[in-house]
Amino acid sequence: MSQDTLIVVDGNSLVYRAFHAIPLLTTTRGLITNAAYGFTNMLYKILQDEQPELVAVVFDKGRVTFRTEQYSSYKANRKAMPDELRPQFPIIKDILQAMNIKVFELDGYEGDDLIGTIVAKAEKNGLNTLVVTGDRDALQLVSPRTKVLMTRKGITNLDIYDEGKVWERFGIYPNQFIDFRALTGDSSDNIPGVPGIGEKTAAKLLQKYHSLDEIFNHLDELPKRQREKLQQHREQALLSKKLVTIEQNVPIEVDLTQCTYRSPDYHRLLELFTELEFKSLVKLIIGSDGSKNGKNKKAAHEQPAVDTFKVGYQKITKPEHLDTLLEEVKNTEGISLVLNGTAETGVSAAAIATGKQVYQLPVEGKPDEYLQVLKEICEDDQAIIYCHDGKSAIWMLHHHGIKLNNLGFDTMVASYLLNPASPSLELEDIALQNLGVVLPSKGEAALPARAEVIKKLVPVLRDKLKQQQEERLFYEVELPLVKVLAQMEITGLAVDKQGLEEMSAELGRRIDELTVEIHALAGEKFNINSPRQLGKILFEKLELPVIKKTKTGYSTDASVLEQLAEKHEIVDKILQHRQLTKLKSTYADGLAALINKNTGCIHTTLHQTVTATGRLSSAEPNLQNIPIRLELGRRIRKVFVPRDKNNVILTADYSQIELRILAHMAGDPGFIEAFNQGQDIHTRTASEVFGVPIDKVTAEMRSKAKAVNFGIVYGISEYGLARDIKVSRAEARRYIDNYFARCPGVKNYIDRVIREAKDKGYVTTLLNRRRYLPDLFSPNRMVRSFGERAAINTPIQGSAADIIKLAMIRINKELEERKLQARMVLQVHDELIFDTPASEMPELVEIVKDCMENAMSLDVPLVVDIKTGPNWYEVKPIEEQHHA
DNA sequence: GCGAGGGC
DNA sequence: GCCCTCGC
């Protein structure tokens, strides 16, 4: 007889258990996955422990079953399936399919009955069966060959019931279980049983009389109270018996050979698990702990279930092979290119995948031979080239004087667009998530594998972009922008190094003076830069009042110090010290350290795949936060100079772009009108909020109104506004209410955006850039409010990003076509900075103004202010220069 | 990792 | 609301 083991899983029972045992988990896209995660983990563990030869999972189908027809109250007190659970069933079925596990379901029957039928068949075939469920009724199936694995509490505690265990637990044999339930009932399924007869009594009766029928035959032997109860509820007991009896002959084809447990489709499973963000399960399959450095060893028993992705490739050993490569590239629409190397040292190795073949370069023994071929390929306008992080490829090629003319796809940028709030940016992760393959991390095969994977990813990612309606955004904005950003980084900003050093020295002297004074006032030396030491001095030694606390101690931030300023003269000096050390360390010294020795310029990195809203970010150094508000800091801008003595700096910034976008998207007539008439928008808001005529708006009112306008754009909270303009919460609330009362279009817009965001799970910008907002569904109110503010802010901030990106692409195209020497060198969210020969100024002004103001057509004008000067500090409006 | 502070 | 960098 066969010793094979069959596992039959009650899908619904385990899914419900998992749902209630695990708190709501969501993916970064807001998909709820807790039940799917818990179920999959349970299943994995059971399969691991039992190593079965056969596996089946059953599900209920349809709410009406033959039991409901017999007894309308059956399971009537069961609540409807929670909205968070329902959509997890298709996910679970996808997972089971990927695991190659047979699923049974049949309309009108509960999972129990399918289990019963399968068990009957298994018994006939002499299989050992293990039923996995949380439903006690299944215990009636226990036999010498059939056991039940029952969930106890949570999902990790499982009890195994064989005949002995049933006896031990209930004092009955499994074949008495139906009668037992007929007597005790089951409140969760609304099975009545015999009221007043509990488990203890039922077991005693069954021990003595063996069955329900025999109990009724011997009623006269029973004590009066029991007898009466049984007589009175006889019909009910018999009905209960029918209801709890598991059907073992359901009209369904059960072919146990179909249940043979084969190995899963690991690639599909990896795609699913990575998409669902089941990180521990991914680790289980790929046998890695996810650490990039590979320092942490795998546990010995953890055999990776999938091999790393391998692809056959041709190493180019002879120069003649290069001709073959060139020929094939010519005949291929879209090749992928992977480069090893750095921007500083150039390309050290390359791989090219055409779809038919993967080529590995360089030519053995001839380290530079291939560069000419690389040049021919990259600069061929006909060759469409796919990269992962095309901008870094452009940098590396730039080292060899090679251009990348036709970037046809960028898997990193595409993956960012699909989920900018938490994108997978590493090719390894993108491959896992979209192809279900594991990339080799090192070794000779790594490069060709990457090339092949990029080539395979392009259609998959393109399809996903299309599904999210972001194909145009990708091809018309983000992809062409890669080249523009590369050019900006490569050009860099010229810096007056000597000027920077002088500023650093001067700041150093003033910091030293202040340090001496502060130490004297404190009566001891201490590290002013250490919030811990500073806190001790201020709040313990000098006993100043504690205004705010942080997680780790006293808060000493600027708002706290400002409130303490009048209590002790040391405080103002600390504020000054803070300001000066920030300027010296971050700006004077920080910038000086990043001047490129060869070019004398600062080459920031403009990140295209970092922000959740679609903005760019700047790093090493961050040139998007060079001081401007305070005069002292603003002087830093003097060191940013043109790269040639005949050049000037030109800046062009959008005036109030975010508020204009808000006016446009909200369609608020008053707001739109104000911009169309060229009114001062903050003055107008002040007039609305304070209910005074435009000409009666004071400077203070305007400044408060300005804060309100910012607040609206940021997704206002009265708390934030009150803090910013230093008024009470109630006062702030009044301003906001007034604002909404006077600008109903804005109010409606905000409500609409939040509603749509909650409905769809994401928000979009004017060019359909998408951001998922899982925070909107958080059970935590604070997190939820945060999500709501992001829902308001993202369409505005992101649309501004869309617009300036469009302008940048058009400007660069014009500069190129007109062969101008002017260069765009920086973007600061609503501002572009150029380094241009003075002679090209008039033409540049015309191009920049035109491209920026007409980047997109809105219901309000886009207005750009242009300034020029000998450095970034001294830029002045061009009109003024005419008059001067 | 946190607090602080610079920008839009 | 969105970032980056510094010093501890």
Side-chain angles (χ1 to χ4, degrees), chain A residues 420-421 526-536 548-562 574-591 593-594 604-630 632-634 636-637 651 653-659 661-662 706-707 709-717 719-721 724 750 753 763 765 769 771 773 775 785-801 804 826-833 872:
Chain A
F526 69 100
N527 185 348
I528 306 167
N529 294 322
S530 160
R532 235 177 80 88
Q533 294 184 38
L534 179 63
K536 274 203 174 133
K548 215 171 25 170
K549 291 205 134 207
T550 66
K551 283 178 211 163
T552 49
Y554 310 111
S555 166
T556 66
D557 71 20
S559 76
V560 169
L561 296 186
E562 275 159 24
I574 291 166
L575 277 165
Q576 286 187 44
H577 186 274
R578 279 254 176 93
Q579 190 195 354
L580 295 178
T581 50
K582 175 83 183 178
L583 289 176
K584 183 170 189 295
S585 66
T586 306
Y587 298 105
D589 299 344
L591 289 175
L594 290 165
T604 183
T605 304
L606 293 166
H607 290 291
Q608 194 179 354
T609 56
V610 167
T611 71
T613 55
R615 274 187 177 175
L616 300 176
S617 79
S618 158
E620 276 189 288
N622 181 356
L623 293 183
Q624 291 179 322
N625 72 343
I626 304 298
I628 189 164
R629 287 170 201 185
L630 300 175
L632 192 62
R634 189 174 192 149
I636 294 285
R637 296 182 170 228
T651 69
D653 67 285
Y654 280 113
S655 159
Q656 319 279 9
I657 189 166
E658 293 191 338
L659 285 172
I661 288 168
L662 174 62
K706 189 171 170 179
N709 275 332
F710 274 105
I712 299 287
V713 168
Y714 293 161
I716 203 152
S717 72
Y719 172 80
L721 182 64
D724 287 352
I750 288 175
V753 168
V763 291
T765 66
R769 187 187 301 278
R771 176 185 180 180
L773 289 165
D775 285 355
S785 305
F786 180 84
E788 289 178 6
R789 289 198 286 279
I792 299 166
N793 174 256
T794 298
I796 300 173
Q797 193 181 110
S799 296
I804 197 165
L826 192 62
Q827 185 248 49
V828 191
H829 309 309
D830 64 354
E831 176 186 18
L832 296 175
I833 293 118
W872 198 8

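The chains referred to below are lettered A, B, ... by the order of the sequence lines, with proteins before strands, and numbering in each begins at 1.
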Determine whether a donor-acceptor pair (N or O, by modelled atom type, separation under 3.5 Å) exists between the side chain of A:S617 and the backbone of A:V610. no
For the pair made of CG in A:L580 and P in C:dG7, what is the distance, rounded to whole Å? 14 Å
So, does the side chain of A:Q624 form a donor-acceptor pair with the base of B:dG7 at under 3.5 Å? no
Could you please spell out the steps behind the salt bridge (charged side-chain N to carboxylate O under 4.0 Å, His left out) verdict for A:R615 and A:E658? CA-CA 13 Å; A:R615 274 187 177 175; A:E658 293 191 338; 3.5 Å; yes
With a 4.0 Å cutoff (strictly under), does any side-chain N or O of A:R578 reach OP1 or OP2 of C:dG7? no
Candidate nucleotides C:dC8, C:dC3, B:dG6, ranked by approach to the side chain of A:S530 - the nearest: C:dC8
Using whole Å, report how far CD of A:Q608 lies from C1' of C:dC4. 18 Å
With a cut-off of less than 4.0 Å, is there a side-chain N or O of A:S617 near OP1 or OP2 of C:dC2? no
When you check the phosphate oxygens OP1 and OP2 of C:dC3, does a side-chain N or O of A:T613 lie under 4.0 Å from one of them? no
What contact category does A:V713 fall into here, base, sugar-phosphate, or nothing, at under 4.0 angstrom with non-hydrogen atoms? nothing
Specify the separation, in whole Å, of atom CG of A:L583 and atom P of B:dA4. 18 Å
A:L632 CG to B:dG5 P, in whole Å, measures 16 Å
If I take atom CG in residue A:N622 and atom C1' in nucleotide B:dA4, what distance separates them, rounded to the nearest angstrom? 15 Å
Please state how far atom CG in A:D775 lies from atom C1' in C:dC2, giving the value in whole angstrom units. 14 Å
Take the protein atom CD of A:E658 and the nucleotide atom C1' of C:dC2, then report the distance between them rounded to whole Å. 9 Å
Hey, does the side-chain of A:R615 have a donor or acceptor N/O within less than 3.5 Å of a partner on the base of B:dC8? yes
Under 4.0 angstrom, heavy atoms only, what part of the nucleic acid is A:S618 near: base, sugar-phosphate, or nothing? sugar-phosphate
With distance as the sole criterion, is a donor-acceptor pair present between the side chains of A:T550 and A:S555 under 3.5 Å? no
Kindly say whether, by distance alone, the side chain of A:K582 makes a donor-acceptor pair under 3.5 Å with the base of B:dG5? yes
How long is the line joining CD of A:Q656 and C1' of B:dC8, in whole Å? 12 Å
Does a donor on one side chain sit under 3.5 Å from an acceptor on the other, for A:T613 and A:Q797? yes
Does A:N527 put a side-chain nitrogen or oxygen below 4.0 Å from OP1 or OP2 of C:dC8? yes
